[in-house]
Amino acid sequence: MGYWDPVTAGVDWCEPNYQYSHHIAEWYNTISNLPALFLCLAGAYRGLKVVHDHGHSTQPVAVAIGYFGIFIVYAGSFAFHATLTYWGQILDEFPMIWATLWLHYMLTGEDSKPAAARVGALIAVLVPTLMVLTHPSPMPLRFAYASLVFSLTVRSFYLAWSQHLLWNSKLLQTGLLFYGTGVILWLSEEQVCHLVQPYFFHLHAWWHVFTGIGTFLWLQFACLRLLTDRGVPHDIESLTGVPFVVVGKGAKRAKRL
């Protein structure tokens with residue numbers, strides 16, 4: 001028996017429970033959230049840091065909200081896999097919907113943002129309600145999340161194709177490569193659990209690592225689109241080896257939401 005037993009979550013993953021710690025149900029599935037949490041904290045700190053020479057923050061506030069959303073996703077995932085409880089699962093899955101909706105909002109043109117906000121708010125309430133009512137079925141989450149990510153991918157590619165600057169940045173292509181790899185590993189684990197478990201090759205843990213990097217890059221793409229739409233100059237720097245979009249030196253002040 002582990003500290004958080006019995007398991008009340010609707011799903012128990014391939015990794016054996018409480019193998020390395022009495023207080024952490026799935027060790028690798030838990031600690032694999034740390035890289036994404038670090039990226040979010042580092043991105044938010046650097047993004048909101050005021051550039052004193054030019055009087056503006058490094059990134060718009062909308063991007064900082066995106067970091068917060070992604071941080072909550074992976075903090076919730078940490079809680080979910082550490083405890084395998086129903087409340088841990090809610091902390092993991094609800095933010096997945098909300099953070100994806102925020103990326104949709106960021107990619108929406110300024111004139112359409114009010115309507116997008118109303119539709120997003122409706123989805124943000126309805127989907128979690130269905131998830132609670134149908135627990136422990138994973139289908140509402142999987143259908144809603146897959147639909148939101150697929151539509152976000154289509155919208156992102158449309159924007160990138162229509163604006164050469166976005167396409168040439170390679171942020172979207174690289175982000176989707178990481179994200180898609182993570183999705184493949186996540187879906188594969190259900191089929192090959194009996195083959196990989198004896199070798200400690202935890203595919204769901206790698207889903208956290210790859211999608212964490214992919215989502216961070218997707219947010220950088222949304223930041224670049226936001227700056228471009230507002231006519232704010234930009235630069236692409238490096239944050240621990242990962243591309244990081246910043247307001248260019250020629251800008252007077254980053255616009256706020």
Main-chain N/O of Gly212 paired to Tyr74 side chain as donor or acceptor, under 3.5 Å: yes

Sidechain-backbone polar pair: Gln220 side chain, Leu171 backbone, donor-acceptor under 3.5 Å: no

Whether Thr30 side chain and Ala82 backbone form a donor-acceptor pair below 3.5 Å: yes

Heavy-atom donor-acceptor pair, Ser238 side chain to Gly241 backbone, under 3.5 Å: yes

Nearest-0.5 Å distance, CD of residue Gln59 to CZ of residue Phe244: 3.5 Å

Side chain Glu15, main chain His202, donor-acceptor under 3.5 Å: no

Derivation of the ring-ring contact (aromatic ring centres under 6.0 Å, His included) call for Phe221 and Trp218: CA-CA 5 Å; Phe221 172 79; Trp218 215 330; 8.0 Å; no

Glu237 side chain to Val246 backbone, donor-acceptor under 3.5 Å: no

Approximate separation, where rounding is to 0.5 Å, of Leu219 CG and Trp102 CH2: 10.5 Å

Trp167 backbone acceptor or donor facing Gln173 side chain under 3.5 Å: yes

Check: His104 main-chain N/O paired with Arg155 side-chain donor or acceptor under 3.5 Å: yes

Main-chain N/O of Trp13 paired with Glu26 side-chain donor or acceptor, under 3.5 Å: yes

